Amino acid sequence: MLDLRFVRENIEEVKEQIKQRGVALDLDAFVRLDFERRDLLQEAEGLKFQRNTVSEKIARLKKDKKDASSEIAAMREVAQKIKELDGKLNERENALNRILMYLPNMPHPSVPIGSNEEDNTEIKRWGEIPRFHFNPMAHWDIGEKLGILDFERASKITGARFTLLKGWGAKLERALINFMLDLHTHEHNYKEVLPPFIVNRQSMIATGQLPKFEEDLFKLEGLDYYLIPTAEVPVTNIHQNEILKSTELPIYYTAYTPCFRSEAGSYGKDTRGLIRQHQFNKVELVKFVVPETSYDELEGLLVDAEEVLRRLGLPYRVVSLCTGDIGFSAAKTYDIEVWLPGQNRFVEISSCSNFEDFQARRGNIRYKPEGKSKTRFVHTLNGSGLAIGRTLIAILENYQQEDGTVTVPEVLKSYLRGIEKIEGWI
RNA sequence: GGAGAGAUGGCCGAGUUGGUUUAAGGCGCUCGCCUGCUAAGCGAGUGUGGGGAUAAAACUUCACCGAGGGUUCGAAUCCCUCUCUCUCCGCCA
């Protein structure tokens with residue numbers, strides 16, 4: 001959420017920015033409501049002051065056993081008027097709040113201007129794109145031949161866009177989770193947490209999934225609970241409604257969770273394989289930092305995520321998302337895209353964002369700067385470190401051999417009982 | 001699922017026959033004094049958010065005692081709904 005005062009004082013800039021993002025919102029209504037709100041507020045507060053003053057007088061009169069009936073009668077009318085004004089005020093505040101809730105974050109000046117993913121700018125590339133002297137297979141063929149991926153049985157159990165991992169496939173998934181958590185906790189200084197996978201509405205509002213993106217979520221029948229679409233939601237909300245000490249900052253968390261997405265509106269996209277699933281595993285990185293350092297922290301977060309791919313020997317590139325492609329809550333986002341030989345393209349495997357104080361304001365996450373009495377909102381950041389399913393795909397496709405087996409990357413061997421390659425499901 | 005108790009400022013904790021408590025006191029924190037240093041001691045200050053005013057402040061006002069409604073001239077205090085925590089019982093991995 002943007003600051004009400006910021007929007008008021010920078011209305012033209014806000015209009016311009018939401019136009020660049022392609023958002024249609026009536027900000028003239030915002031200006032009108034804002035004025036009306038302040039007028040009503042002043043009128044109501046004047047009457048409340050009067051009521052407070054006279055109430056004290058009534059108390060004194062009663063104590064002295066004197067008559068206060070004329071004061072009480074007068075205040076009865078004032079109370080009625082206050083009620084009316086408060087009602088009107090409430091309407092204006094709700095309307096303003098609704099607009100604020102649907103206003104996306106302001107992009108950082110370094111974010112490239114553009115309307116869709118084609119306008120994203122490539123920042124860097126790492127690794128050699130592997131050449132094969134045979135025709136590389138897609139992961140669904142590799143996985144099914146080895147017997148480690150079973151899409152048919154998963155659809156029997158649940159439906160489309162779910163996968164059953166078996167044998168070394170299941171073990172590889174588990175190995176990746178452990179490898180990533182170990183790397184981030186032991187070498188990158190993140191603290192590991194294992195949060196709830198179901199959250200309430202308020203948590204979804206704080207991180208920005210609600211109220212605008214309800215259709216992307218799985219909601220529990222009859223409850224105001226949702227399955228998490230990313231660990232960002234429960235982990236960022238760890239400090240909801242807290243005032244952190246500045247000596248505690250920065251705070252780094254890493255968490256493994258499954259992620260649940262309804263993938264509404266993506267029918268027909270990536271229907272084969274496990275690129276786009278309703279349920280997938282992810283190791284997430286989340287930071288709480290002071291505003292002054294948040295953009296340096298974003299660069300650090302990106303490097304921490306990249307390191308996973310480097311150790312696995314998987315080629316990738318990094319792109320900076322343009323104004324039209326950046327997420328609702330983010331001020332700046334880098335995507336890491338891994339090379340998939342079977343698809344002959346780069347596919348997103350991590351998304352690293354700085355939300356500045358957008359989420360912190362919604363979740364009321366603050367800190368007290370050293371030696372100052374005023375509290376400030378922290379800046380929050382997060383990034384995938386990495387999406388597990390897509391990493392597994394990348395390993396299958398990049399490490400595949402002509403005979404259909406898959407070589408195990410060096411760093412994973414100790415997590416897979418020392419095996420050199422996957423030759424079958426058991 | 002059943003029964004009971006509770007939720008007050010960064011933390012602890014008084015206040016519930018409605019009206020100088022428009023939240024006592026303590027801890028913590030900040031500043032000052034004192035003092036070889038540290039500690040202790042003494043003194044002062046110290047919540048959050050929204051308005052108004054100002055060049056900025058000083059200043060001024062409203063709201064906030066888990067959340068939301070209600071009663072009343074007036075609610076931390078009375079009533080209703082909800083959430084969470086604790087204790088006991090039942091069930092369960």
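All figures in this text were calculated on a predicted structure; none of them were measured in a lab.
With both ends at atom P, the span from B:U81 to B:U87 equals 26 Å, rounded to whole Å. B:A3 and B:U8 have their C1' atoms separated by 26 Å, given to the nearest Å. Comparing the C1' positions of B:A75 and B:G32 gives an interatomic distance of 41 Å, to the nearest angstrom. Going from the P atom of B:A14 to that of B:A57 covers 40 Å, rounded to whole Å. Taking atom C1' in both B:G9 and B:G66, the straight-line distance is 14 Å, to the nearest Å. A distance of about 12 Å separates the P atoms of B:A23 and B:C64, rounded to the whole Å. Of the C1' atoms belonging to B:A76 and B:C92, the separation is 40 Å, rounded to the nearest Å. Atom name P, nucleotides B:U35 and B:U48: the rounded distance is 35 Å, in whole Å.
A donor-acceptor pair is defined here as one N or O able to donate and one able to accept, closer than 3.5 Å; no such pair exists between the side chain of A:R362 and the backbone of A:T207.
A:R76 has a side-chain polar atom (N or O) that falls below the 4.0 Å cut-off from OP1 or OP2 of B:C73. For B:G49, the OP1/OP2 oxygens have a side-chain nitrogen or oxygen of A:T375 closer than 4.0 Å. One finds no side-chain N or O of A:R366 lying less than 4.0 angstrom from the OP1 or OP2 phosphate oxygen of B:U48. At the phosphate of B:G51, OP1 or OP2 sits under 4.0 Å from a side-chain N or O atom of A:R37.
With RNA chain B read from its 5' end, the first of the two nearest nucleotides for A:E93 and A:I243 is the one closest to A:I243.
Counting only N and O atoms by type, the side chains of A:N241 and A:N364 include a donor and acceptor under 3.5 Å apart. No hydrogens or angles considered: a donor-acceptor pair under 3.5 Å links the side chains of A:E173 and A:N281. Using modelled atom types, one finds no donor on one side chain facing an acceptor on the other under 3.5 Å when comparing A:E192 with A:T185. For the 3.5 Å distance criterion, the side chains of A:E284 and A:Y253 fail to qualify, holding no donor opposite an acceptor. Judged purely by distance below 3.5 Å, without hydrogens or angles, the side chains of A:S329 and A:N105 never pair a donor atom with an acceptor atom. A donor and an acceptor atom, one from each side chain of A:R310 and A:Y316, are located under 3.5 Å apart. Looking only at atom types and distance, the side chain of A:D304 has no donor-acceptor partner in the side chain of A:Y252 under 3.5 Å away. A:N52 and A:S55 share no donor-acceptor pair across their side chains, judged by distance under 3.5 Å alone. Neither side chain, A:T254 nor A:H184, offers a donor N or O lying under 3.5 Å from an acceptor on the other.
Summarising the base pairing, B:C59 is matched to B:G52 through a Watson-Crick or G-U wobble pair whose two defining distances lie under 3.5 Å. Base pairing annotation: B:G90 forms no Watson-Crick or G-U wobble pair, as no partner gives both donor-acceptor distances under 3.5 Å. The base-pairing partner of B:C65, taking Watson-Crick or G-U wobble contacts with both distances under 3.5 Å, does not exist among the strands shown. Searching all strands for a Watson-Crick or G-U wobble partner of B:A39 with both distances below 3.5 Å returns nothing. In this entry B:U17 has no Watson-Crick or G-U wobble partner, no candidate having both defining distances under 3.5 Å. A 3.5 Å limit on both hydrogen-bonding distances identifies no Watson-Crick or G-U partner for B:U77. The partner of B:C27 is B:G10, by the rule that a Watson-Crick or G-U pair needs both atom distances under 3.5 Å. The base-pairing partner of B:U85, taking Watson-Crick or G-U wobble contacts with both distances under 3.5 Å, is B:A5.
Remark: A:R38 qualifies as a cation-pi partner of A:F35 under the 6.0 Å distance and 45° angle criteria applied to the six-membered ring.
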Every protein N/O lying under 3.5 Å from an N/O of nucleotides 18-20 of chain B:
unit_1 : atom_1 : unit_2 : atom_2 : d
B:G19  : N2     : A:S55  : O      : 3.4

Could you write out each protein N or O paired with an N or O of nucleotides 58-67 of chain B at a distance under 3.5 Å?
unit_1 : atom_1 : unit_2 : atom_2 : d
B:C62  : OP1    : A:N52  : ND2    : 3.2

Within the sub-3.5 Å range, which N or O atoms of nucleotides 76-85 of chain B have a protein N or O partner, and how far apart are they?
none

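Between A:E248 atom CD and B:C11 atom C1' there is a gap of 13 Å when expressed in whole angstrom units. Rounded to an integer number of Å, the gap from A:K368 NZ to B:U30 P is 12 Å. Separating the CG atom of A:N90 from the C1' atom of B:G68 is a distance of 11 Å, rounded to the nearest angstrom. Rounded to an integer number of Å, the gap from CG of A:N364 to C1' of B:G47 is 13 Å. Spacing between atom CG of A:L4 and atom P of B:G51 amounts to 6 Å, rounded to whole angstrom units. Atom P of nucleotide B:G68 and atom CG of A:N94 are separated by 12 Å, given to the nearest angstrom. If you measure from atom CD of A:Q80 to atom P of B:U72, you get 10 Å, rounded to the nearest angstrom.
Atom CG of A:N237 is separated from atom CD of A:Q202 by 7.0 Å, given to the nearest 0.5 angstrom.
Using a 4.0 Å heavy-atom cutoff across all strands shown, A:E71 reaches no nucleic acid atom at all.
Between A:H108 and A:Y295, the angle of the ring planes lies from 30° to 60°, which puts this pair in the tilted group.
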Audit row: A:F358, A:F328, ring pair (Phe, Tyr, Trp, His ring centres under 6.0 Å) steps and yes/no: CA-CA 10 Å; A:F358 190 87; A:F328 177 78; 5.7 Å; yes

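Proximity note for A:L41 (side chain, C-beta onward) versus B:G10, B:G50, B:G74: the nearest is B:G50.
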